[in-house]
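Here is the structure we will look at.
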Protein chains: 2
Amino acid sequence: MTEAVSRPTLEAVAARAGVSRATVSRVVNGGDGVREPLAERVRQAVEELGYVPNQAARSLVTKRHDAVAVVIAEPEARVFADPFFALQLRGISKELTAHDNQLVLLLTEGRADHARVARYLAGGHVDGALVFSLHLDDPLPGLIRKAGVPTVFGGRPDWSDGGPGPVYVDSDNRGGAREAVRHLVGLGRTRIAHITGVLDQTSAVDRLDGYRDVMGDADPRLVVESDFTPGGGERAMRELLDRCPDVDAVFAANDLTALGALRVLREHGRRVPDDVAVIGFDDVLPVAEQAEPPLTTVRQDIEEMGRLMARLLLRGRAGETPGAALAQASGAAPAEASGAGVVLPTTLIRRASA
Amino acid sequence: MTEAVSRPTLEAVAARAGVSRATVSRVVNGGDGVREPLAERVRQAVEELGYVPNQAARSLVTKRHDAVAVVIAEPEARVFADPFFALQLRGISKELTAHDNQLVLLLTEGRADHARVARYLAGGHVDGALVFSLHLDDPLPGLIRKAGVPTVFGGRPDWSDGGPGPVYVDSDNRGGAREAVRHLVGLGRTRIAHITGVLDQTSAVDRLDGYRDVMGDADPRLVVESDFTPGGGERAMRELLDRCPDVDAVFAANDLTALGALRVLREHGRRVPDDVAVIGFDDVLPVAEQAEPPLTTVRQDIEEMGRLMARLLLRGRAGETPGAALAQASGAAPAEASGAGVVLPTTLIRRASA
DNA sequence: CTGAAAGCGCTAACAG
DNA sequence: CTGTTAGCGCTTTCAG
């Protein structure tokens with residue numbers, strides 16, 4: 001474990017190049033307004049001394065930090081069982097890196113950590129925040145708003161106040177769910193069940209709504225509440241088989257849930273998709289592809305969601321509207337951009353299970 | 001996206017409390033040396049104004065940042081398919097949070113990002129670095145050493161120079177592998193194969209060595225190289241079945257690999273564990289428990305590894321030796337602490353597959 | 001186009 | 001025990 005050594009300062013570079021600190025500063029920050037002979041001499045001095053600007057000093061005067069906080073408020077261990085979170089982070093990281101911003105990760109383990117996060121955000125350490133995994137009665141959004149930090153949410157928040165709606169990025173959960181269920185209907189299935197996610201998250205509610213859009217008049221016993229985990233999927237599937245032995249299709253709220261359902265179906269000797277067709281949600285590759293049989297599922301571009309969140313935050317900071325940022329967002333075309341929310345499209349990936 | 005507002009300064013608090021800035025500073029930083037009537041008045045002013053110290057200003061003078069970088073150098077997508085990484089992060093985050101340190105996440109997508117990471121680390125933005133996923137010929141460690149930042153590695157690095165060895169935290173990969181293979185032997189298996197991980201990582205090499213410790217004289221065709229992924233596990237298992245149809249046990253380098261092997265075994269009508277026993281490594285719950293059949297595997301305490309890394313870094317910074325930090329590390333007792341490396345024990349978790 | 005000078009908000013001697 | 005005084009390293013008017 002090496003000792004940190006003291007780094008050269010602007011002053012040192014200036015001395016070496018025979019110019020003033022101001023000139024060095026100009027060159028280091030874009031270089032406009034400095035004539036060529038000088039600029040080159042400065043660059044050389046920077047190189048020779050291995051000068052790296054001291055971010056603390058810079059922030060002190062600019063009030064910018066080139067850093068963004070990513071807040072993951074997931075008390076349950078679910079985030080850690082699901083590559084979802086990692087993919088999202090990867091997208092965020094890519095975008096942030098491209099704009100020379102750092103990613104400060106704030107993980108919370110329950111309410112006790114909320115105050116800490118709020119304090120940090122309020123402390124003006126970062127230029128903005130990206131916030132995930134909000135649940136219905138979560139006090140965090142309120143705290144964050146009070147902190148006065150530009151924020152983009154991952155997933156549609158479920159609250160709304162008088163002011164302008166929160167900026168968020170979401171997948172078209174409802175539309176994706178509809179597509180999945182319609183596919184099942186197209187397969188000739190009539191007893192189509194839905195295993196929900198945790199219903200205090202909007203993603204779960206939206207998927208349930210999508211299911212109902214198509215199956216509005218279905219037997220209510222075909223809907224069973226669950227929690228986005230394989231274990232929950234198993235329990236739900238057992239109950240389903242018990243309540244409705246004639247079920248011939250299952251739309252699970254996510255791939256992990258589908259995995260649990262698949263296992264119980266196998267246990268009970270039901271063949272997939274012959275006896276019961278199964279569709280998941282997410283298309284988390286290692287899960288969906290490795291399932292037995294490989295899972296038909298609703299794909300959402302998780303990495304792109306992360307990237308877009310970061311882009312919105314960065315652009316918004318520059319004074320543009322989310323819409324403008326959105327217009328410039330390459331890659332997946334947003335399905336919808338109502339108010340301050342951006343909703344990415346989903347696509348049905350057909351594999352063997354349905 | 002709210003505008004950031006300007007926060008109250010020390011000065012403001014001082015004015016409100018009718019004291020000097022120095023006094024407020026003292027109260028804010030521990031409060032020793034300030035008599036009670038005053039201290040209380042200051043605390044009140046802090047409260048009323050909602051004062052939060054400006055970290056940039058503080059760092060500028062203290063040269064400390066209370067921030068640690070976590071560098072994940074994994075060009076492949078593997079990290080994102082494996083909850084390993086998330087668990088490690090969780091452990092790190094917990095420990096860092098407990099000591100009021102922030103976690104700055106540096107994800108790299110290949111060599112192009114190395115320079116950026118090196119620059120950041122050299123820039124003195126953080127007090128230390130936690131570095132993961134090193135491969136054999138990785139230039140990153142060299143760059144990091146040059147940056148002169150206190151560093152703790154996750155997993156035993158494969159290089160060594162003249163100086164004091166690098167500080168690292170690792171699992172007892174070799175011992176764990178031995179235990180797994182011995183278990184297989186105890187089951188009466190004789191044709192025990194090993195599907196390796198990526199052999200440019202020490203964890204994979206150590207597991208292979210452990211296998212050889214027990215099976216030194218075995219048929220060399222029983223060892224097939226792979227890459228820690230389910231797909232790789234499938235390919236390896238096919239080759240194994242082809243080369244040695246009489247194989248009766250498989251020790252896979254990790255759970256994901258075992259998953260692939262399981263699938264191919266099933267495909268070929270081999271029953272697990274009756275015909276072929278299978279053992280994995282990691283005990284990543286959603287993988288191992290949900291496998292078909294549930295996987296017997298070598299468990300490593302991933303979260304604890306993360307926590308320990310952070311602890312070592314924090315303690316090392318305070319001038320203690322890693323050994324001292326280690327002695328204070330609660331929870332899992334280290335199996336071994338040679339030089340600057342800390343090796344955590346592993347345990348065999350028996351489920352249905354072997 | 002370049003340099004001089006004035007802080008950004010905070011801590012850390014040093015006096016009193 | 002408390003206040004005064006210097007800066008930390010950088011950007012940014014403002015002159016020249």
Side-chain angles (χ1 to χ4, degrees), chain A residues 4-43 45-46 49-67 100 119-120 122-127, chain B residues 4-43 45-46 49-67 100 119-120 122-127:
Chain A
V5 290
S6 79
R7 326 235 85 249
T9 74
L10 246 204
E11 183 84 56
V13 179
R16 173 137 194 144
V19 298
S20 74
R21 270 158 36 207
T23 299
V24 179
S25 176
R26 286 179 189 118
V27 172
V28 169
N29 298 292
D32 24 281
V34 180
R35 232 169 267 166
E36 215 13 276
L38 264 202
E40 183 51 34
R41 228 165 62 219
V42 171
R43 272 183 232 110
V46 166
L49 265 42
Y51 170 75
V52 182
N54 178 322
Q55 188 62 39
R58 180 180 279 177
S59 293
L60 189 53
V61 34
T62 61
K63 269 109 168 52
R64 300 190 55 238
H65 303 262
D66 294 318
D100 259 302
R119 201 173 344 113
Y120 183 77
H125 301 300
V126 290
D127 301 322
Chain B
V5 289
S6 79
R7 327 234 86 250
T9 73
L10 246 204
E11 184 83 56
V13 180
R16 174 137 194 144
V19 299
S20 74
R21 269 156 39 206
T23 300
V24 178
S25 176
R26 285 177 190 119
V27 172
V28 170
N29 299 291
D32 23 282
V34 178
R35 231 171 265 165
E36 214 16 272
L38 264 203
E40 184 50 32
R41 229 167 60 219
V42 171
R43 271 184 233 108
V46 165
L49 265 42
Y51 169 75
V52 183
N54 178 322
Q55 188 61 40
R58 178 181 281 175
S59 294
L60 190 54
V61 32
T62 60
K63 269 106 168 51
R64 300 190 56 239
H65 302 260
D66 295 317
D100 259 299
R119 198 169 352 108
Y120 183 77
H125 300 300
V126 290
D127 302 324

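Protein chains get the first letters and strands the later ones, always in sequence-line order, with residue 1 at the start of each.
Distance alone, capped at 3.5 Å, is enough to place a donor-acceptor pair between the A:Ser59 side chain and the A:Gln55 backbone.
Side-chain contact between A:Val42 and A:Val19 is present, with at least one heavy-atom pair separated by less than 4.5 Å. Side-chain contact between B:Arg26 and B:Thr23 is present, with heavy atoms from C-beta onward closer than 4.5 Å. For the pair B:Asp66/B:Asp100, no side-chain contact is recorded, criterion being any heavy-atom separation below 4.5 Å from C-beta on.
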In B/S/- notation (B base, S sugar-phosphate only, - none; protein heavy atoms under 4.0 Å), nucleotides 8-16 of chain D written 5' to 3' is BBBBBB---
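In this structure, B:Arg35 places its CZ atom 11 Å from P of D:dG3, rounding to the nearest Å.
Listed pair B:Thr23 / D:dT2 fails the phosphate criterion, with no side-chain N or O lying under 4.0 Å from OP1 or OP2.
Of the inter-residue distances, the one linking B:Glu36 atom CD with B:Arg43 atom CZ reads 5.0 Å to the nearest 0.5 angstrom. Between the CG atom in B:Leu49 and the CG atom in B:Leu10 there is a gap of 11.0 Å [rounded to 0.5 Å].
End-to-end axis angle for the helix from C:dC1-D:dG16 to C:dG16-D:dC1, using five pairs per end and rounding to 10°, comes out at 40°.
Contact detail for A:Tyr51 and A:Val28: the closest heavy-atom pair is CE2-CG2, 4.1 Å.
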Audit row: A:Val126, A:His65, side chain to side chain contact (heavy atoms under 4.5 Å, CB included) steps and yes/no: CA-CA 6 Å; A:Val126 290; A:His65 303 262; 5.6 Å; no
